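Structure, as structure tokens:
In this text, all values refer to a predicted model and were calculated from it rather than measured experimentally.
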Amino acid sequence: MTLARKIFLAAGILLFILSVLLTVLYFYLPAYLESEIIPKIAEDAGISEYELDIRSIGLFSADLGPVRIGPKQNAALSLRSVQIYYSPKELFQRKITSVEFSGIELHSEYRDGQLALRGLDLKAILANKRFSENQDPEKPAQPSLSFRRFVIHDAVFHTTWNSRAFRVPFDLAISSENLNFTVFDAQAAFYPRGQKFFVTAGIDLTQKMLNLKIHGNRIELAGFTDFIGQIESLKIRGITDIMGTANLQLSPFRIAAVDALLELHEGNLIYKGFELQSGNKENQRFQVFLKATGNKWSVKASDIFVGAPIPVRLSGITGTVEFMETKWQTNGNLWASLETLKGSEIRSIPIEVKNSFDIPVSFAAAYWKEGNWRLDLSTHDKKPKIARFGFDRFEFSSKTPKITVSCLASGTGLAATYALSVAESRITSKSVDILLPKFVFKGKADIGKKMQKSVFKLQASDSTAALDFGNIQ
């Protein structure tokens, strides 16, 4: 037999074996996927009710869809199509090159303070033995299937809150170049109300860490009017930019570090007669800087203007926030500045501010999980300035006042104490000239569910006058 004949015969035998192998794989792979791979994925996720159509399967890819997870009439998740890319070798090693989902509709609802998937019992899924098996704490749990790349296109997250429906379109891509599939990179884009948020993440399952970068540019708050409107009488407008990074420990969950910047342009907030405006006349921008290590956060903010009830500029705002098991608490400092204003410019009080002056303010607050809260404010000007006001035909001047306010709110109502101490006060008009070396205005208020009561004392020099207003409706 000549060499050419031998080569031709060997090639023919190889082609025959390959064709038989391909035929076997072509008919065996769909059955293997339907009987082994897909049920394994559903079992690992704790899902018992689902539907999946297999449109085509080849040696290197599969086309599935539509897909449903959850009850048929009330599905938690539906997909238009799923493309899976693999090699026969990787498939039998329970490894998949890429999975791409398109046309996802994910339905949830927010009730009793928790987010739940429609038609699925998340508690039962999470209690599944696959999630509860004891694992070596030093080793990350290894999934039954490993994905080199995971992509979601044209997805929409639906949720219901206070009987209102909200939807957030998004795209997501997760990939891993790590041979053990323990290190992943992720990119996500969210489009709530047509706005754009971008998130990139690095996930390390061995170190149990998640590193996030968040960026949102030119986000118009007017697009969230219905969501903001859940708080009665609250109105917010403006354009905001968000940039930040966060390092999160996954198990046990803990915020390791946060560094973020929020900018509000031409912003305005109105709530029951209280109004905030961002920036100043020269720079209509309000900035908030956030830094966190563990459960302690530091906050720094630029100037913001209180337009009502009394125009005041707040500047030099700094503070800390600490989150604890049963409460969170905060404290900080700022400067309150009253600018020169005519009486007509103050909406609620017909007072003219004759000269501008600054007052340093300290604040502390706490909020408990059961709903109680406390707020304390005080001024601490070591070098008081002279403040001048006008009221009708009178002029009033004094050193900048010392103010203390303490409020405690609980389920039974609000209790507050307050004090105003003013030194070197003078009241003048054409026919009046009164000098008070010092007077103190102090009192308390108890505002309950059925009655409101205020009592205050006015003290000048050594004399004291006390007035009881009784019930105020």
Side-chain angles (χ1 to χ4, degrees), residues 231 234 236 238 240-246 254-264 267-272 274-280 283 285-339 356-369 371-385 387 400-410 414-421:
I231 302 176
L234 177 63
I236 301 178
T240 185
D241 298 329
I242 299 174
M243 294 163 282
T245 60
R254 183 178 70 90
I255 298 175
V258 173
D259 192 346
L261 167 64
L262 183 148
E263 291 187 352
L264 179 62
N268 183 262
L269 180 150
I270 299 175
Y271 180 70
K272 294 184 177 180
F274 180 80
E275 182 178 354
L276 283 177
Q277 299 172 7
S278 64
N280 50 49
N283 183 12
R285 179 178 63 174
F286 175 61
Q287 295 179 310
V288 178
F289 301 87
L290 296 173
K291 286 185 178 293
T293 302
N295 62 342
K296 293 184 178 180
W297 294 59
S298 65
V299 183
K300 183 179 179 181
S302 61
D303 294 4
I304 191 166
F305 185 72
V306 180
I310 298 176
V312 178
R313 182 167 304 285
L314 306 179
S315 61
I317 304 170
T318 60
T320 60
V321 182
E322 185 175 4
F323 297 91
M324 290 169 279
E325 185 175 349
T326 59
K327 69 173 183 177
W328 63 262
Q329 63 184 26
T330 180
N331 60 77
N333 300 280
L334 58 87
W335 284 86
S337 305
L338 271 72
E339 306 291 335
S356 59
F357 59 91
D358 302 329
I359 302 176
V361 180
S362 296
F363 62 87
Y367 181 85
W368 286 264
K369 286 185 176 180
N372 299 341
W373 59 267
R374 182 182 182 88
L375 173 64
D376 297 292
L377 295 172
S378 64
T379 62
H380 49 88
D381 198 348
K382 295 181 180 179
K383 296 181 179 180
K385 307 169 187 67
T400 49
K402 293 182 179 180
I403 303 169
T404 59
V405 178
S406 180
C407 302
L408 179 62
S410 63
L414 172 68
T417 60
Y418 46 87
L420 171 68
S421 176

Legend entry - For Phe286 against Ser302, the heavy-atom pair lying closest together: CE1-O, 3.3 Å
Inset, instruction - Answer with yes or no whether the side chains of Asp376 and Ser406 bring together a donor and an acceptor at under 3.5 Å. - result: yes
Legend entry - Sidechain-backbone polar pair: Lys300 side chain, Lys291 backbone, donor-acceptor under 3.5 Å: no
Inset, instruction - State, yes or no, whether a side-chain contact exists between Leu314 and Val306 at a heavy-atom distance under 4.5 Å. - result: yes
Inset, instruction - Rounded to the nearest 0.5 Å, what's the gap from NZ on Lys369 to OG1 on Thr326? Could you check? - result: 7.0 Å
Inset, instruction - First locate atom CD of Glu263, then atom CD1 of Ile242, and finally report the distance between them rounded to the nearest 0.5 Å. - result: 11.0 Å
Legend entry - Distance-minimising heavy-atom pair for Val312 and Ala336: CG1-CB, 3.8 Å
Inset, instruction - For Asp358 and Ser337, run side chain to side chain donor-acceptor pair (under 3.5 Å): C-alpha distance rounded to whole Å, both residues' side-chain angles, the deciding distance at 0.1 Å, then the answer. - result: CA-CA 4 Å; Asp358 302 329; Ser337 305; 2.6 Å; yes
Legend entry - Closest approach of Pro384 to Thr400 (non-hydrogen atoms, all atoms of both residues): CA-OG1, 3.5 Å
Legend entry - Exercise: identify the closest heavy-atom pair between Ile359 and Thr379: CG2-CG2, 3.4 Å
Inset, instruction - Name all residues meeting the salt bridge (Lys or Arg N to Asp or Glu O under 4.0 Å) criterion together with Asp241; count only those two or more places apart in sequence or in a different chain, and write none if there are none. - result: none
Legend entry - Which residues share a salt bridge (Lys or Arg N to Asp or Glu O under 4.0 Å) with Lys296, sequence neighbours left out: none
Inset, instruction - Hey, could you give me the SG/CH2 distance between Cys407 and Trp373, rounded to the nearest 0.5 Å? - result: 5.5 Å
Inset, instruction - Enter the distance from Leu269:CG to Leu264:CG here, rounded to the nearest 0.5 Å. - result: 9.0 Å
Inset, instruction - To the nearest 0.5 Å, tell me how far Phe305 CZ sits from Glu275 CD. - result: 8.5 Å
Legend entry - Backbone N/O of Thr320 and side chain of Thr330: donor-acceptor pair under 3.5 Å: yes
Inset, instruction - Could you label the plane-to-plane angle of the Trp328 and Phe323 rings as parallel, tilted or perpendicular, counting under 30° as parallel and over 60° as perpendicular? - result: tilted
Legend entry - Pairwise distance OH(Tyr418) to CD1(Ile403) - rounded to 0.5 angstrom: 13.5 Å
Legend entry - Minimal non-hydrogen separation, Asn372 against Ser410, with atom names: OD1-CA, 3.2 Å
Legend entry - Name of the residue among Asp303, Leu334, Val299 meeting side chain to side chain contact (heavy atoms under 4.5 Å, CB included) with Ile317: Leu334
Legend entry - Residue list, salt bridge (Lys or Arg N to Asp or Glu O under 4.0 Å) with Lys385, at least two apart or on another chain: Asp381
